[in-house]
Amino acid sequence: MENNYPWVFITSDNNMWKIYLNSSNELMYKIIYENGKWTEEKLIDTNVVEFSICIQDQTIHIVYANKKYELRYCTRKDEKWFGEKICDIQKNNFEIQTLKALISQDKMHLFYLLKSKGGSKRGILKHCIWDGKKVNQYNIQYIVLSGRIKTYYQVYAEEKNLIKIFFVSNNKDELSLGYSEYKDGLWTDSKRLYGIHGSNVTFKVLKTHYTINIINKVKENFTYSLEHVCIEEDTMNMKNYKIYEGKEDPVEPIIFSVDDTLFTSWLKGNSIFCSKYNLDKWETPIEINEYLKEAINAYAFLDNKKLNNVYVVYGIENTSLKIISFEEISKNTVKALSKEKSDTSNYDEYVEKLKQKSKNTYYENNILKEKINFLNKEIEQKKLSINEYENRLIKIGGEKKILKENYDFFIQVKENIQKELENAKDQLENYKLFINKLQGSLDKKEKNNNRLKQEITYLMKENLKVKQELEFEKNKSIVDKLFKKKE
């Protein structure tokens with residue numbers, strides 16, 4: 001949804017708020033209280049270029065980008081606005097377009113397109129996650145820009161923390177529409193759905209039970225057309241339907257569902273035209289407010305009863321604002337169609353209803369058959385997977401048995417080795433004792449040897465001494481004998 005729409009929501013105390021950008025890039029707001037008239041407009045901030053709003057637990061959350069290339073956040077407490085900067089935006093040769101905000105798991109998810117300046121066709125689809133303190137940024141998709149389209153993406157959040165984004169990128173002679181999903185903290189690879197030819201292109205996305213519904217507005221030559229593409233979510237099968245074709249521009253086309261019936265409406269001057277989807281085709285568009293003379297505008301309506309539920313509505317604004325609800329449009333459409341067919345007999349109408357019911361049943365049966373075939377294929381695939389798992393389990397069981405046998409063998413070997421180690425340990429202790437005793441004996445003998453050596457040395461010295469004395473006595477005796485002979 002384009003962010004040049006004024007945003008409108010109704011608070012729990014039944015007051016209607018309008019938040020919008022004026023021509024001076026001032027972010028303004030005003031309120032309708034019980035008296036049914038607008039208050040004077042009041043300022044939130046200046047130099048704002050894009051903004052988006054979320055409401056959670058009756059708290060208003062506004063995220064906006066300013067001319068300083070800042071992403072900022074503000075909220076309202078005690079009738080005062082409080083703001084802070086989230087982060088700076090990449091600004092080198094880029095400008096920001098189509099800012100959107102969602103809340104998931106108590107975190108703010110911000111989306112915007114960075115468009116290259118200076119004639120370049122480069123664009124980057126960005127995703128930021130802000131938890132109130134830090135920001136994580138991701139590049140979802142690089143976009144090739146084109147002058148044939150203004151709003152390049154649509155994003156919505158589903159339950160179970162799933163976010164889906166649909167985007168358009170220029171691809172030679174066509175605009176290629178693709179999508180991606182944010183799941184478990186990651187973006188899936190983008191997938192191409194189909195191509196769009198022509199100019200003045202806009203597209204809107206509506207999620208219903210099991211289907212994704214997209215309407216494309218296209219201008220080719222001098223002819224405008226509205227096309228409905230129905231995509232089954234589980235199989236991604238697509239069907240195309242023509243809603244409108246003509247020279248008049250269907251302004252602000254929207255698609256919505258009331259009581260499981262699809263409607264597409266658009267503006268032409270002060271008139272609302274609407275077509276109803278009926279039995280695999282769209283009925284001829286019909287004007288539903290031909291007597292209304294007041295100007296009709298489009299608004300981004302924020303349903304605060306359901307988180308992240310934002311859609312385009314029509315309204316008439318003067319001193320107050322009257323929102324033309326989807327229920328009112330559908331009711332007036334059915335009434336106008338019934339008036340056109342009032343000349344048909346009751347019997348023919350009854351037969352037609354039976355035919356329509358039969359066709360509807362046939363169509364639903366075909367859808368169910370396709371779903372059953374799809375589920376049967378899934379069951380077969382799961383059976384194959386189960387058989388594969390069973391074979392793996394059998395193989396694992398055999399491997400486990402072999403491992404158990406090997407384990408038992410290794411345990412036995414370990415126990416034997418342990419026993420041998422214990423025996424070796426005992427033998428080692430005995431050997432140590434023997435060595436110690438032997439060492440003691442050797443030390444004792446060594447001492448005895450040393451003592452014997454000392455005694456031998458002493459005796460040798462004594463022996464030498466005795467020899468010397470004997471030699472001396474011998475010599476002395478000889479001398480004495482010589483002296484006696486001389487006498």
Side-chain angles (χ1 to χ4, degrees), residues 1-9 17-31 39-56 59-104 107-120 122-141 143 145 150-155 165 167 298-302 308 310 312:
M1 133 185 347
E2 295 181 32
N3 280 38
N4 54 8
Y5 294 131
W7 284 63
V8 176
F9 55 90
W17 286 61
K18 178 184 174 184
I19 300 179
Y20 56 96
L21 277 179
N22 63 18
S23 58
S24 302
N25 291 104
E26 295 173 322
L27 187 60
M28 313 293 293
Y29 77 98
K30 55 184 179 179
I31 308 170
T39 62
E40 291 185 5
E41 61 180 9
K42 296 181 181 180
L43 178 68
I44 298 175
D45 205 347
T46 59
N47 296 319
V48 177
V49 294
E50 289 281 344
F51 75 100
S52 185
I53 304 174
C54 294
I55 295 180
Q56 185 182 37
T59 300
I60 302 170
H61 305 277
I62 303 178
V63 178
Y64 60 94
N66 60 23
K67 291 183 179 181
K68 296 179 181 179
Y69 287 87
E70 295 175 332
L71 266 182
R72 295 190 64 85
Y73 165 82
C74 72
T75 188
R76 188 172 173 83
K77 296 178 182 179
D78 300 325
E79 299 186 358
K80 293 182 181 180
W81 294 103
F82 296 88
E84 62 179 294
K85 186 172 81 169
I86 298 174
C87 65
D88 293 309
I89 303 169
Q90 178 182 350
K91 63 182 179 180
N92 294 333
N93 299 319
F94 284 94
E95 61 183 6
I96 188 171
Q97 177 184 300
T98 319
L99 174 64
K100 299 179 183 180
L102 300 172
I103 295 176
S104 179
K107 294 179 182 179
M108 190 79 73
H109 292 256
L110 310 176
F111 302 86
Y112 57 88
L113 179 68
L114 282 180
K115 291 180 63 177
S116 181
K117 297 178 182 178
S120 174
R122 293 186 302 136
I124 307 172
L125 193 53
K126 302 283 289 185
H127 174 211
C128 300
I129 302 176
W130 183 52
D131 61 4
K133 295 180 181 179
K134 64 179 181 179
V135 178
N136 294 322
Q137 301 192 34
Y138 305 93
N139 291 340
I140 303 174
Q141 181 71 25
I143 301 292
L145 305 175
K150 292 182 179 180
T151 303
Y152 286 84
Y153 76 94
Q154 297 274 288
V155 64
I165 192 164
F167 53 86
Y299 300 83
F301 186 80
L302 183 58
N308 301 321
V310 184
V312 176

Holding to salt bridge (charged side-chain N to carboxylate O under 4.0 Å, His left out), I want the full list of residues that pass it with D88, two or more places apart in sequence or in another chain. K85

Between A298 and P6 the two heavy atoms that sit nearest each other are O-CD, 3.7 Å

Test of understanding: with side-chain contact (heavy atoms from CB on, under 4.5 Å), list the residues that count as partners of E26, not counting sequence neighbours. N22, S24, M28, L43, T46

Within the structure provided, determine whether K100 and Q154 are in side-chain contact (heavy-atom separation under 4.5 Å). yes

Can you see which heavy atom on A101 is nearest to which on C54, and at what distance? O-SG, 3.2 Å

Rounded to the nearest 0.5 Å, how far apart are CZ of F9 and CZ of F301? 10.0 Å

Which atoms form the tightest heavy-atom contact between V48 and L27, and what is the distance? CG2-CB, 4.0 Å

May I ask you to test the F94-I89 pair for a side-chain heavy-atom distance under 4.5 Å? no

Please report the interatomic distance CD(E50) to CD1(I96), rounded to the nearest 0.5 Å. 6.5 Å

Could you walk me through whether L99 and L71 pass the side chain to side chain contact (heavy atoms under 4.5 Å, CB included) test, one step at a time? CA-CA 10 Å; L99 174 64; L71 266 182; 4.1 Å; yes

Shortest non-hydrogen contact from F51 toward I19: CZ-O, 3.6 Å

Expected output: side-chain T39 to main-chain I31 donor-acceptor under 3.5 Å: yes

Kindly give the heavy-atom pair with the smallest separation between K133 and D131, and that separation in Å. N-OD1, 2.9 Å

Between CG of L114 and CD of Q97, what distance do you get to the nearest 0.5 Å? 10.5 Å

By side-chain contact (heavy atoms from CB on, under 4.5 Å), which residues pair with N66, not counting sequence neighbours? K68, E70, R72

Partners meeting ring pair (Phe, Tyr, Trp, His ring centres under 6.0 Å) with Y138 (sequence neighbours left out): H127

Partners meeting side-chain hydrogen bond (donor to acceptor under 3.5 Å, both in side chains) with E41 (sequence neighbours left out): Y20

Sequence neighbours excluded, the answer for salt bridge (charged side-chain N to carboxylate O under 4.0 Å, His left out) partners of K30 is E317

Between I53 and V310, is any pair of side-chain heavy atoms under 4.5 Å apart? no

Salt bridge (charged side-chain N to carboxylate O under 4.0 Å, His left out) partners of K107, counting only residues at least two apart: none

By ring pair (Phe, Tyr, Trp, His ring centres under 6.0 Å), Y73 pairs with (sequence neighbours left out) H61, W130

Given side chains that start at C-beta, do those of Y112 and C128 come closer than 4.5 Å, heavy atoms only? yes

Excluding sequence neighbours, so at least two apart, what forms side-chain contact (heavy atoms from CB on, under 4.5 Å) with R76? W17, Y29, E79, W81

Going from CG on L145 to CZ on R122, what distance comes out if it is rounded to the nearest 0.5 angstrom? 9.5 Å

Distance, nearest 0.5 Å, that separates CG of L113 from CD of Q141: 11.0 Å

Check whether any side-chain heavy atom of F111 sits under 4.5 Å from a side-chain heavy atom of I140, and report yes or no. yes

Quick one: side-chain contact (heavy atoms from CB on, under 4.5 Å) partners of K80, sequence neighbours excluded? F82

Please report the closest heavy-atom contact between Y5 and A300, naming both atoms and the distance. CB-N, 3.7 Å

Counting C-beta onward and ignoring hydrogens, is there a side-chain heavy-atom pair between I86 and L110 closer than 4.5 Å? yes

Test side chain to side chain contact (heavy atoms under 4.5 Å, CB included) on Y153 and I143; report intermediate values, then the result. CA-CA 10 Å; Y153 76 94; I143 301 292; over 6 Å; no

Just wondering, do Y152 and T98 contact through their side chains at under 4.5 Å, heavy atoms? no

Does some side-chain heavy atom of C74 sit less than 4.5 Å from a side-chain heavy atom of D45? no

